[in-house]
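Take a look at the structure below.
Computed from heavy atoms alone, side chains included, the values below leave out hydrogens, waters and symmetry copies. Throughout, a chain's letter reflects where its sequence line sits, starting with A, and its residues are numbered from 1.
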Amino acid sequence: MGQEKGRGRGRRGRAGRLAPQVKEPSIANSIPDARVAHAMSDPLTPLTERFRAAIAAALGPAAPKDAPPDPAIRRSDRADFQANGAMTLAKAVGQKPRDLAAAIVAALRVDDLCAKVEIAGPGFINGWLRDDALTRLLVEAGEREEAFLERAASPEKVVIDYSSPNVAKEMHVGHLRSTIIGDSLARVLEARGHTVVRQNHLGDWGTPFGMLIEHLVDLGLGNAELHIDDLDAFYRAARAKFDADPAFADKSRRRVVLLQGGDADTLALWRELVEQSRRYFGEAYDRLGVTLRDSDVAGESLYNPMLPDVIAELDRKGLLVESDGALCVFPPGFTSKEGGPLPLIVRKQDGGYGYATTDLAGIRYRTQTLTARRLLYVVGAPQSQHLAMVFATATLAGWLAPPARAEHVAFGSVLGSDKKMFKTRAGETVKLLSLVKEAEERALAVVVEKNPELDAETQRAVAHSVGIGAIKYADLSSDRIKDYVFDWDRMLAFEGNTAPYAMYAHARIRSILRKAGAAPDVRALSIAAPAEHALALDLLAFPSVVAEVERTLEPHRLCGYVFSIATAFSNFYEQCSVLQADSAEQRRSRLALCELTARTLGRALSLLGIEAPDRM
RNA sequence: GCGCCCAUAGCUCAGCUGGAUAGAGCGACGGCCUCCGGAGCCGUAGGUCGCAAGUUCGAAUCUUGCUGGGCGCGCCA
């Protein structure tokens with residue numbers, strides 16, 4: 001049974017409870033593909049090309065041959081965009097920055113895109129886009145089927161390992177983080193055209209099952225109605241008996257042997273346990289609006305039959321070393337407490353296998369059987385060293401070789417407002433469903449107060465969307481590597497960078513569109529007012545932001561984007577009347593802008609796994 | 001002992017891989033309802049970006065060394 005260091009955490013389960021460790025495992029972890037996202041609708045993309053050409057013309061023969069100079073075009077708060085490349089470039093070619101900037105501007109051909117370009121400070125090039133250029137780009141993007149979303153240049157098969165709860169144990173906030181982050185990344189990568197294979201690495205195998213099965217036997221073997229309503233209670237009861245009753249502990253150990261030996265009765269009980277849990281998790285995923293399905297479960301038991309062969313292959317490759325009776329791999333670059341090499345134990349003294357072997361089998365399965373190119377592990381930061389060692393070993397074994405690569409999508413712990421691990425007042429882990437229930441109840445109270453005219457059913461539906469959205473957004477909106485403080489009041493405050501704020505902006509736009517009557521026509525768009533200009537600029541950045549999330553695997557960038565659009569719209573809303581516009585043309589144009597904003601906002605939220613109701 | 005992560009306004013967080021005056025929300029203070037949803041908008045106050053060096057035209061961002069907090073380091077997962 002093991003001592004489990006007093007916590008009895010499951011493999012992945014432990015992940016979320018502890019604090020951050022490593023952002024970047026050392027081996028087989030680099031991302032070789034290009035850093036620059038090419039987004040068609042983003043005006044910064046054509047501008048980069050124009051600036052490249054201008055730089056080449058300005059430098060003439062002095063231009064560097066091999067690497068095309070980067071104009072370093074960024075968004076700016078003092079212009080629509082700014083190009084900083086001239087200053088670094090001037091240094092490289094020995095010119096004065098301002099002179100070079102002037103030469104670049106002189107050679108620049110951007111009349112169709114820019115209203116104005118000027119040089120500022122030591123050599124910044126500031127630019128402002130033409131309203132008609134923004135209009136054209138927006139209309140083009142808006143007329144496409146998937147407005148604003150663009151596929152990756154070379155789609156690949158990606159495996160995402162996330163959620164990973166343990167059978168007969170309640171999911172806690174750590175699992176919730178993995179589930180929410182992983183699900184958002186799955187949506188983003190799919191939207192980019194990749195083939196995403198979700199893998200829910202269920203903790204459905206191992207020594208704890210001896211005591212769980214024995215406990216099940218005690219509760220009612222042969223009873224057709226096996227209810228595990230409270231998973232944690234079930235686990236705790238089994239655990240308590242195991243600790244207190246030596247006879248039970250003995251039976252449990254024998255049961256493990258039976259399980260591993262394939263005893264039919266034992267396997268039947270095991271399946272019962274697993275089925276109960278899968279059903280429960282499935283319900284939780286449905287309620288959360290998570291895309292994981294039962295067919296995505298690839299639990300530890302899946303790999304169990306592969307483990308002997310994994311060992312045999314490691315042996316054939318000369319990677320195995322016997323140490324204190326255990327079989328180990330010593331990947332280079334890892335040192336132990338004593339300063340010696342650090343082992344990855346792939347077979348224990350007693351001949352059993354641990355999670356390292358299972359993870360190795362998982363990599364082999366994912367690259368060879370599933371033929372995945374990119375392997376993502378949405379697992380808590382404390383496991384970074386373990387994963388780094390597993391990746392290193394898999395690389396040595398040849399199971400992880402370019403172009404395939406693995407990345408640890410690490411995340412920090414969930415903390416309470418006291419900055420300690422998030423727990424209930426009683427000191428217990430917070431149960432997922434009670435969390436969801438509370439979110440919905442709190443949301444419902446607000447909906448009832450703010451919108452009493454909605455019928456009860458709609459109120460409940462909205463409260464569901466808002467409550468779940470609030471939980472997800474709070475989790476996703478800060479950098480995942482950092483610990484995250486769970487705070488109901490802030491989460492459901494509905495102000496600032498929160499899901500309800502964004503959802504509210506969306507609902508308000510839909511309300512306008514409803515009142516307008518006729519269906520909006522994006523071709524009627526004509527950007528004119530400053531607030532329209534700013535909103536248009538934001539909308540066009542969508543594909544670049546999504547590509548950035550694809551690259552960095554950081555959904556909080558998408559949240560930041562959602563917030564900026566919602567803010568830009570609120571600004572537009574205050575300054576530009578839509579339904580009472582000055583002219584019919586202006587009204588149609590603004591309705592088009594509303595439509596594009598609602599679509600983009602809704603789509604961005606959907607990539608976060610958050611619903612955007614039409615009214616709330 | 002070795003290694004990894006984190007440190008930005010009173011609080012919770014951004015800061016787009018080195019750009020100009022470090023931005024939001026909450027909280028505080030002050031404005032905006034004859035007008036498309038006030039779950040909104042505008043403004044004021046609030047900072048030695050943990051400390052110290054270094055790299056350079058330019059550093060919250062890169063390097064090194066410290067300090068503080070967290071985590072990991074052989075048969076649990």
Side-chain angles (χ1 to χ4, degrees), chain A residues 1-5 7-15 18-24 35 72 74-78 82 84 87-88 90-91 97 120-124 166 203 206-208 300 323-326 328 334-339 342-345 347-350 352 354-356 358 381-386 388 410 412-413 417 419 446-447 449-451 466 477-479 481-485 487 489-490 493-498 500-501 503-505 507-508 511-512 515-516 541 544-545 548 552 556-557 559-560 563 567 570-571 573-575 577-581 594 615-616:
Chain A
M1 188 58 43
Q3 291 310 300
E4 299 183 301
K5 296 187 180 171
R7 284 186 299 272
R9 283 296 124 197
R11 180 237 151 146
R12 305 294 201 228
R14 184 173 163 191
L18 307 170
Q21 175 75 349
V22 179
K23 193 161 197 169
E24 195 173 358
R35 312 191 347 261
R74 304 281 136 83
R75 284 170 206 289
S76 167
D77 54 342
R78 42 181 78 200
Q82 97 182 180
N84 313 328
M87 287 173 292
T88 45
K91 178 92 177 170
F124 297 102
N166 295 305
T207 49
E300 293 171 339
S323 173
D324 293 339
C328 306
F334 299 91
T335 50
S336 69
K337 265 181 207 165
E338 295 74 31
L342 188 63
L344 186 70
I345 294 172
R347 204 180 72 188
K348 299 184 285 183
Q349 274 180 335
D350 64 4
Y355 68 130
T358 305
Q383 297 203 44
S384 64
Q385 182 174 267
H386 166 255
S413 312
S417 47
K419 287 281 205 168
V446 179
V447 173
E449 183 211 327
K450 301 281 185 188
N451 233 332
V466 171
S477 59
S478 63
D479 194 355
I481 195 62
K482 295 183 181 176
D483 290 351
Y484 136 67
V485 177
D487 180 344
D489 292 333
R490 187 165 38 84
F494 308 166
E495 289 145 351
N497 191 8
T498 63
Y501 175 84
M503 293 166 78
Y504 174 72
R508 208 158 52 162
S511 170
I512 294 173
K515 286 191 174 148
S544 297
V545 171
E548 193 64 8
T552 61
H556 78 283
R557 295 168 185 269
C559 293
F563 186 53
T567 306
S570 290
N571 199 14
Y573 177 87
E574 294 292 324
Q575 297 180 28
S577 186
V578 177
L579 298 178
Q580 279 94 49
C594 284
R615 59 190 86 208
M616 60 186 279

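Ranking C13(B), C16(B), G37(B) by closeness to the Ile512(A) side chain, first place goes to G37(B). Here G37(B) is the nucleotide among G37(B), G19(B), C75(B) with the atom lying nearest to any side-chain atom of Lys515(A). When distances are taken from the side chain of Gln349(A) to each of C75(B), G37(B), G19(B), the shortest belongs to C75(B). The side chain of Gln82(A) lies closest to A20(B), out of C73(B), A20(B), A39(B). For Ile481(A), the side-chain atoms get nearest to C5(B) when compared with the rest of G19(B), A39(B), C5(B).
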* Show your reasoning for whether side chain to side chain contact (heavy atoms under 4.5 Å, CB included) applies to His386(A) and Tyr355(A). => CA-CA 10 Å; His386(A) 166 255; Tyr355(A) 68 130; 3.2 Å; yes
* Steps toward side chain to side chain contact (heavy atoms under 4.5 Å, CB included) verdict (Tyr573(A), Ile512(A)) -> CA-CA 10 Å; Tyr573(A) 177 87; Ile512(A) 294 173; 3.8 Å; yes
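Cys328(A) comes within 4.0 angstrom of a nucleotide base, judged by non-hydrogen atoms across all strands. Within 4.0 Å (heavy atoms only), Leu342(A) reaches sugar-phosphate atoms of the nucleic acid but no base atom. Nucleic acid contact for Tyr573(A): base, since at least one base atom lies under 4.0 Å from a heavy atom of the residue. If you check every strand for non-hydrogen atoms under 4.0 Å, Asn497(A) touches nothing. Residue Ser478(A) is classed as a sugar-phosphate contact, given heavy-atom separations below 4.0 Å to backbone atoms only. No contact: Asp350(A) has no heavy atom under 4.0 Å from any strand. Contacts of Ala505(A) with the nucleic acid, taken as non-hydrogen atoms under 4.0 Å apart, are absent. Across all strands shown, Met503(A) has no heavy atoms under 4.0 Å from either base or sugar-phosphate atoms. Among the protein residues, Asn451(A) comes within range of the nucleic acid bases, having at least one heavy atom under 4.0 Å from a base atom. Within 4.0 Å (heavy atoms only), Gly354(A) reaches sugar-phosphate atoms of the nucleic acid but no base atom.
Annotation: of the two residues near RNA chain B, Thr335(A) and Arg75(A), the 5′-most nearest-nucleotide partner is Thr335(A). Between Gly496(A) and Arg615(A), the residue anchored nearer the 5' end of RNA chain B, judged by the nucleotide with its closest heavy atom, is Gly496(A).
For Arg74(A), a side-chain nitrogen or oxygen approaches OP1 or OP2 of U17(B) to under 4.0 Å. The side chain of His556(A) places an N or O atom within less than 4.0 Å of a non-bridging phosphate oxygen (OP1 or OP2) of G15(B). Under 4.0 angstrom from either OP1 or OP2 of A39(B) there lies at least one side-chain N or O belonging to Lys450(A). Applying the 4.0 Å criterion to OP1 and OP2 of U12(B), one finds that Lys482(A) has every side-chain N and O outside that range. Remark: Lys337(A) is not in phosphate contact with G3(B), judged by side-chain N or O atoms under 4.0 Å from OP1 or OP2. Contact annotation: Ser511(A) reaches the phosphate of G37(B) (side-chain N/O to OP1 or OP2, under 4.0 Å).
Gln82(A) CD to Asp77(A) CG: the interatomic distance, rounded to the nearest 0.5 Å, is 8.0 Å. Interatomic distance, Cys328(A) SG to Lys348(A) NZ, rounded to the nearest 0.5 Å: 12.5 Å. If you take CD on Glu300(A) and CG on Asn166(A), they are separated by 7.0 Å, rounding to the nearest 0.5 Å.
Judged by ring centres under 5.5 Å apart and planes tilted less than 30 degrees, Phe124(A) stacks against the six-membered base ring of A20(B).
An anti base is found at U55(B): its glycosidic angle is more than 90° from 0. Glycosidic conformation of C33(B): syn, with the torsion inside 90° of 0.
Scanning for side-chain hydrogen bond (donor to acceptor under 3.5 Å, both in side chains) contacts around Asn451(A) gives an empty result, with sequence neighbours left out. Remark: Ser577(A) pairs with Gln580(A) by the side-chain contact (heavy atoms from CB on, under 4.5 Å) rule, at least two apart or across chains. Scanning for side-chain contact (heavy atoms from CB on, under 4.5 Å) contacts around Lys515(A) gives Ser511(A), Leu579(A), with sequence neighbours left out. By the salt bridge (Lys or Arg N to Asp or Glu O under 4.0 Å) test, Arg557(A) pairs with Glu548(A), Glu554(A), sequence neighbours left out. With sequence neighbours excluded, no residue satisfies side-chain hydrogen bond (donor to acceptor under 3.5 Å, both in side chains) with Glu574(A). Here Arg615(A) pairs with nothing under the side-chain hydrogen bond (donor to acceptor under 3.5 Å, both in side chains) rule; sequence neighbours left out. Shown here are the ring-ring contact (aromatic ring centres under 6.0 Å, His included) partners of Phe563(A), two or more places apart in sequence or in another chain: Tyr501(A). Applying the side-chain contact (heavy atoms from CB on, under 4.5 Å) criterion to Thr335(A), with sequence neighbours excluded, gives no partner residue.
Across every non-hydrogen atom of Phe124(A) and Pro122(A), the tightest pair is CE1-CD, 3.5 Å. Nearest approach of Ala507(A) to Met616(A), heavy atoms of both residues: CB-CG, 3.8 Å.
Residue Leu579(A) contributes atom CG, which lies 11 Å from atom C1' of C35(B) at whole-angstrom precision. One atom, CG of Asp483(A), and another, P of C4(B), lie 18 Å apart when rounded to the nearest Å. Rounded to a whole Å, the OH atom of Tyr504(A) is 17 Å from the C1' atom of G25(B).
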List every contact pair, protein side and nucleotides 41-44 of chain B side both N or O, where the distance is under 3.5 Å.
unit_1: C41(B); atom_1: OP1; unit_2: Tyr501(A); atom_2: OH; d: 2.7
unit_1: C41(B); atom_1: O4'; unit_2: Glu574(A); atom_2: OE2; d: 3.3

Mind listing the N/O atom pairs, protein and nucleotides 58-62 of chain B, below 3.5 Å?
none

Short heteroatom pairs, N/O only, protein and nucleotides 27-34 of chain B, under 3.5 Å:
none

* Per-nucleotide pairing state of RNA chain B [Watson-Crick or G-U, under 3.5 Å; [ ] pseudoknot-crossing; | other strand] -> (((((((..((((.....[...)))).(((((.......))))).....(((((..]....))))))))))))....
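Not a single donor-acceptor contact under 3.5 angstrom links the side-chain atoms of Ser336(A) to the base of G74(B).
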